[in-house]
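Below is one structure; the comments refer to it alone.
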Number of protein chains: 2
Amino acid sequence: MAIDYSLYLITDRLLVGDKDFFDAITYALNGGVTLLQVREKNIDSKNFYNIALKLKQIAREFNVPLIVNDRLDIALAIDADGLHIGQNDLPIDVVRSILGKDKILGYSASNVEEALYGEKMGADYIGAGAVFATGSKLDAGDAIGLKGLKEIVEHVHIPVVGIGGISINNLSEIKAVGAEGISLISGILSQKDTYKAAKELIQQWKKKS
Amino acid sequence: MAIDYSLYLITDRLLVGDKDFFDAITYALNGGVTLLQVREKNIDSKNFYNIALKLKQIAREFNVPLIVNDRLDIALAIDADGLHIGQNDLPIDVVRSILGKDKILGYSASNVEEALYGEKMGADYIGAGAVFATGSKLDAGDAIGLKGLKEIVEHVHIPVVGIGGISINNLSEIKAVGAEGISLISGILSQKDTYKAAKELIQQWKKKS
Ligand code: NI
């Protein structure tokens, strides 16, 4: 599968406010989200499984791959398109061997060393950040800035997606340093109109600069 | 592997008090624990993996199987001897198909219906409870009593282990209704001397009645 990393939506059921969680995601997919990650914390396995299964069905309608965050077992159980892991998750080499080579494997990195390690251990892409300071609960320390993102892009040979504090106002800078896409949570899910938010982001991203 | 369900210790790193977690478990194994389950909540995957891996090594020294609670991915990652799931975990049929038929699969049940479902879906044993009221944070509702335990034992053909509020003072009642073993957390781990606690429990359990 050719993966389009342009607009990568990560879920958080606690950030949709009054909106219906699945509707908010469906509208965002309709608006132009190209990749979807189900990332839910403080949730029991049964609920995570049920949410992931439903999102897989929704994502499939849009021909968008569904990636599971952290939980290799959920990814296997719903036969997700991939898994995204970070520094506090299972060891990446162990994950790759269980997940198999055909699934998408993403790896969070906040510096070149982590990114190179991820690439070496079998990651298909790097989620690099937090680029800018953010309120979302990401597994990230201090912001790495455009400089940190650029360094990661320059050192690995796999796609790099920027994450953390990205908005319509700064995404051209993310693109300018060579990232293959932008990843957002609240920048889409917390917006009143998730369709519009996604549409504006993808249009801005695809603009010739 | 022939499994001895007699004295089944379930972990909780938050219940060992001032004692070293791994020492407390090692002493309990030395005292006579026959089966070990690593059950840790509110923990990231990396830490759960590291704890489970270490406990697998410790359990192996005592020839005791190590079962992982809830997290199928951790069980696969450390190649555990089995997995224990409950009503709020992944669907048991999905779990069995991913785990494979050679691994031990335990299922929590608090009534006959759940126990029969677990047996039908491939469980190797049932963890039935809570038998008595307990302070430990188990995935259990109200106590089912000896009557509830007895009903489960009488309806399934796989081993049943009693759990919840079991102590040296009531374990003979658990045995009398036909359970194959007793499962404890704080009844061992919160005791000052986990070796002595386990030893007294197993001696009492093995006593001819
Ligand atoms: Ni360099």
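In what follows, chains carry the letters A, B, and so on, assigned in the order in which the sequence lines appear, proteins first and then strands, with residues in each chain numbered from 1. Because only heavy atoms are used, hydrogens play no part in the values below, and waters and symmetry mates are left out as well, while side chains stay in.
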query: In terms of heavy-atom contacts, does NZ of A/Lys54 have more than 12 from other residues, nucleotides or ligands at under 6.0 Å?
result: no
B/Tyr5 OH: over 12 foreign heavy atoms closer than 6.0 Å: yes
If you look only at distance, which donor and acceptor atoms sit under 3.5 Å apart when one is on a side chain in residues 146-154 of chain B and the other is two or more places apart or in another chain?
{"residue": "B/Lys150", "atom": "NZ", "partner": "B/Glu154", "partner atom": "OE2", "Å": "3.1"}

message: Using side-chain heavy atoms (C-beta onward) and a distance below 4.5 Å, is B/Asp73 in contact with A/Leu90?
response: yes
- prompt: Looking at B/Gln87 and A/Lys46, what are the two nearest heavy atoms and their distance?
  reply: O-CD, 3.3 Å
task: Step through the shown structure and confirm whether more than 12 heavy atoms of other residues, nucleotides or ligands are within 6.0 Å of CZ on B/Phe132.
output: yes
- prompt: Atom OG in A/Ser45, atom CG in B/Asp70: separation rounded to 0.5 Å?
  reply: 3.5 Å
- prompt: Are A/Tyr49 and B/Val94 side-chain neighbours, meaning at least one heavy-atom pair lies under 4.5 Å?
  reply: yes
message: Can you tell me which portion of B/Ile98 sits under 4.5 Å from chain A's heavy atoms? Options are side chain, backbone, both or neither.
response: side chain
